Structures are given as structure tokens and as C-alpha cells.
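For reference, the structure is listed below as C-alpha cells.
Note that these values count all heavy atoms, side chains included, but never hydrogens, waters or copies made by symmetry. From a predicted model like this one, the values you see are computed outputs, not experimental measurements.
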Amino acid sequence: MDLKIKNKTALVTGSTAGIGFAIASLLAQEGARVVINGRTSERVEVALARIRKQSPGADLIGAAADVGKPEGVERLIKQVSEVDILINNAGIFEPKPFADIPDSDWLRFFEVNVMSGVRLSRFYLPRMITKNWGRIVFISSESAINVPKEMIHYGLTKTAQLALARGLAETTAGTGVTVNSVLPGPTRSEGAEGFIESLAKAKNIDSAAVEREFFQTTRPSSLLKRFATTDEVAAMVVYVSSALASATNGAALRVDGGVVRSIA
């Protein structure tokens, strides 16, 4: 299937690992010019080399910048002034009891998970509307709907992304620009791998047993009954970023393995 995004410029924030890397890699395979972003030049260079090995001839740009800070966003947009596809993927999470979350953590999570997308969309969206073509995708989470008690601050930022994406979509009416959000469920990303391995070591069991236990006790509503792969999430993101998804706008699309039970 031709997604008709060859030579489109796509910026994926936080794309040196995990879901962001999988999205960037698949966009490159589809012929897009992809901007790889991470906080350090070293991580960006490693990611560029990995994608070039997978897709020789891939059209890639490296842009090191911490988009969780205003000055980082400014640095990024100076390096990349025009994009056709913006994937707001950069994000952080950390389990912590509500009573132990200080103001500084609330503000830090909001800056990285929400304001990075606000600032980048504020810059790129008007330019997309002028060209009458563009795609913005926010990588939210099933935690936006099933807010986890062990990290309420994270869940709040993911819910905020849904509101932000829908509100921005309203400003695109009648244009060739769309704004959507994608809600991954438990995904075997870099962070999840570390979590699984540490838990397996602590309980003296293998990682497969940890995964089974997780879906029996923590996410029992899952229909998939396993962690999704980053490639499975990336497939949805890249489709909704494509020319073929022109009738999908203002949507919150789940790749959650059926964790969320509500129909709407």
C-alpha cells in the first residue's frame, strides 16, 4: 500500500528509542524525510545509524534538542523550519504515590508531555494550514482514560493531550490538515523492558512470567494479553500520518490491546 508520503518531511520528537524510534523507522521506510530528535547528539547519531542500516538510502536529519524546555523547542525549529508531519512523541513517566509528587514533578511532566506539543504545534500548524496539507499526531496513552493510581501526574498529562489534539483539530476545519491522538496500551518499549527485567530479577522469575502476571493483575482487561510491540503502535501512527487518512481528524485512536473497555 502506498501511503503517499514520499518526500514529505516528518519530525518525530523523542525518536531515538522505543515507540518514537519505531515510528521514525517506518516513516523512513515509506519514503518520508525524517527528522530524528533526542536530547543528546550521541543518542541521535546512534538512532540515525540504526535506521540507515535498516533502510539504506533513508533520507534522515538529526536534530538534538530537549523539547521539554522552551529553549529546546526554539533550537529545534531553528534547525527544522518546515515539516509536513509532526509526531509529538516525547514524554516521560514515573510511578510515584500521589502524596509524594511535589509541585516540581507536576510542572516537569506537564512541560515535557504537554507543552512540548503545544509549542511545536503552535509553530508548525499555521504553516501546514497555509500549505493546506499537514498531519499532527499526539502520542497519548490508554492511561489518559484509565488514569493509573500509581502515576496520576502522568495520566493527567495524557488526558490533556487528548483535549489539546481535539481542540487543534477544530481549527483545521475545511483544510487538508488533520490533528489526531494515538493511545498505546502497555508496550514493550525501552522503559518497559527495563521494568520487566528488574521485576523478574527481584522475584527470581523469568520475564515471560512477569508479563503473564502483569496482565493477570495490573491490566486484566487486556484482550491482547501481552505487551504490544513498538512496531504495532508505529503502524497506526504512520497510517494516520499518511495521505490516505485524510478523513480521520480529531480522533483518539487506540492501540491498547483492548485494555479500555468502553466503546466510545
Side-chain angles (χ1 to χ4, degrees), residues 1-15 19-20 22-38 58-63 65 67-68 70-91 112-140 158 160-183 233-253:
M1 181 182 292
D2 181 7
L3 297 182
K4 303 185 187 301
I5 54 172
K6 289 180 181 176
N7 302 318
K8 297 287 188 186
T9 299
L11 166 60
V12 186
T13 64
S15 48
I19 291 172
I23 294 168
S25 180
L26 186 52
L27 283 166
Q29 290 175 40
E30 290 295 325
R33 179 182 302 107
V34 184
V35 182
I36 305 299
N37 163 252
D59 191 353
L60 305 173
I61 301 168
V67 296
E71 58 270 24
V73 171
E74 286 298 319
R75 180 181 176 186
L76 180 55
I77 62 180
K78 283 179 181 177
Q79 295 177 74
V80 185
S81 59
E82 295 282 341
V83 303
D84 303 294
I85 300 166
L86 169 62
I87 311 296
N88 289 307
N89 171 73
V112 177
N113 293 0
V114 181
M115 290 307 298
S116 61
V118 168
R119 292 173 178 132
L120 289 167
S121 300
R122 185 167 57 204
F123 180 80
Y124 292 117
L125 179 57
R127 288 161 173 77
M128 293 178 181
I129 291 175
T130 296
K131 293 187 296 184
N132 199 37
W133 202 95
R135 300 285 184 267
I136 297 178
V137 183
F138 287 83
I139 307 304
S140 181
K158 296 287 114 176
Q161 286 181 314
L162 301 187
L164 176 57
R166 179 65 205 191
L168 292 180
E170 294 289 339
T171 73
T172 68
T175 75
V177 180
T178 67
V179 185
N180 295 286
S181 53
V182 171
L183 287 69
V233 177
M236 173 68 84
V237 177
V238 172
Y239 167 72
V240 82
S241 301
S242 76
L244 276 59
S246 54
T248 303
N249 196 9
L253 305 165

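- Taken to the nearest 0.5 Å, the CD atom of Glu30 stands 8.5 Å off from the OG atom of Ser242.
- Here the closest heavy-atom approach between residue Val67 and residue Leu120 is recorded as CG1-CD1, 4.3 Å.
- Residue Val137 is tested with Ile85, Val12, Ile87 for a side-chain contact (heavy atoms from CB on, under 4.5 Å); the sole match is Ile87.
- Checking Asn180 against Thr248 by side-chain atom types alone, no donor-acceptor pair falls below 3.5 Å.
- Within 6.0 Å of the NZ atom in Lys4, the count of heavy atoms belonging to other residues, nucleotides or ligands does not exceed 12.
- To the nearest 0.5 Å, atom CE of residue Met236 and atom CD1 of residue Ile139 are 10.5 Å apart.
- Residues Asn37 and Val80 are not in side-chain contact: their nearest non-hydrogen atoms beyond the backbone lie 4.5 Å or more apart.
- Side chains of Val237 and Ile19 form no contact here, defined as non-hydrogen atoms less than 4.5 Å apart.
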> Between Arg166 and Glu170, is a salt bridge (Lys or Arg N to Asp or Glu O under 4.0 Å) present by the stated rule, with each step listed?
Replying inline: CA-CA 6 Å; Arg166 179 65 205 191; Glu170 294 289 339; 2.7 Å; yes

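- Of the inter-residue distances, the one linking Glu74 atom CD with Ile77 atom CD1 reads 4.0 Å to the nearest 0.5 angstrom.
- One finds the CG atom of Asn113 at 9.5 Å from the OG atom of Ser140 (value rounded to the nearest 0.5 Å).
- The shortest side-chain heavy-atom distance between Phe138 and Leu162 does not fall under the 4.5 Å cut-off.
- Results of the side-chain contact (heavy atoms from CB on, under 4.5 Å) test with Val73 over Met115, Arg119, Lys78 single out Arg119 as the only residue that passes.
- Thr172 pairs with exactly one of Asn249, Ile136, Thr178 by the side-chain contact (heavy atoms from CB on, under 4.5 Å) rule, that one being Asn249.
- In this structure, Asn88 and Ser121 have side chains that are in contact, with non-hydrogen atoms separated by less than 4.5 Å.
- Looking only at side-chain heavy atoms (C-beta outward), Val240 and Arg135 stay at 4.5 Å or farther from each other.
- A pairwise comparison of heavy atoms in Ser116 and Ala90 identifies OG-O, 4.4 Å as the closest pair.
- Expressed to the nearest 0.5 Å, how far CZ of Arg33 lies from CG of Leu27 amounts to 13.0 Å.
- Nearest approach of Asn7 to Asp84, heavy atoms of both residues: O-OD2, 4.5 Å.
- Looking at every heavy atom in both residues, Ser15 comes nearest to Ala24 through CB-CB, 4.1 Å.
- Side-chain contact between Gln79 and Val35 is absent, with no heavy-atom pair separated by less than 4.5 Å.
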> Between Gln29 and Val238, does a side-chain contact (heavy atoms from CB on, under 4.5 Å) hold up when you go through it step by step?
Replying inline: CA-CA 11 Å; Gln29 290 175 40; Val238 172; over 6 Å; no

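- A 4.5 Å side-chain heavy-atom check between Met128 and Leu86 finds at least one atom pair inside the cut-off.
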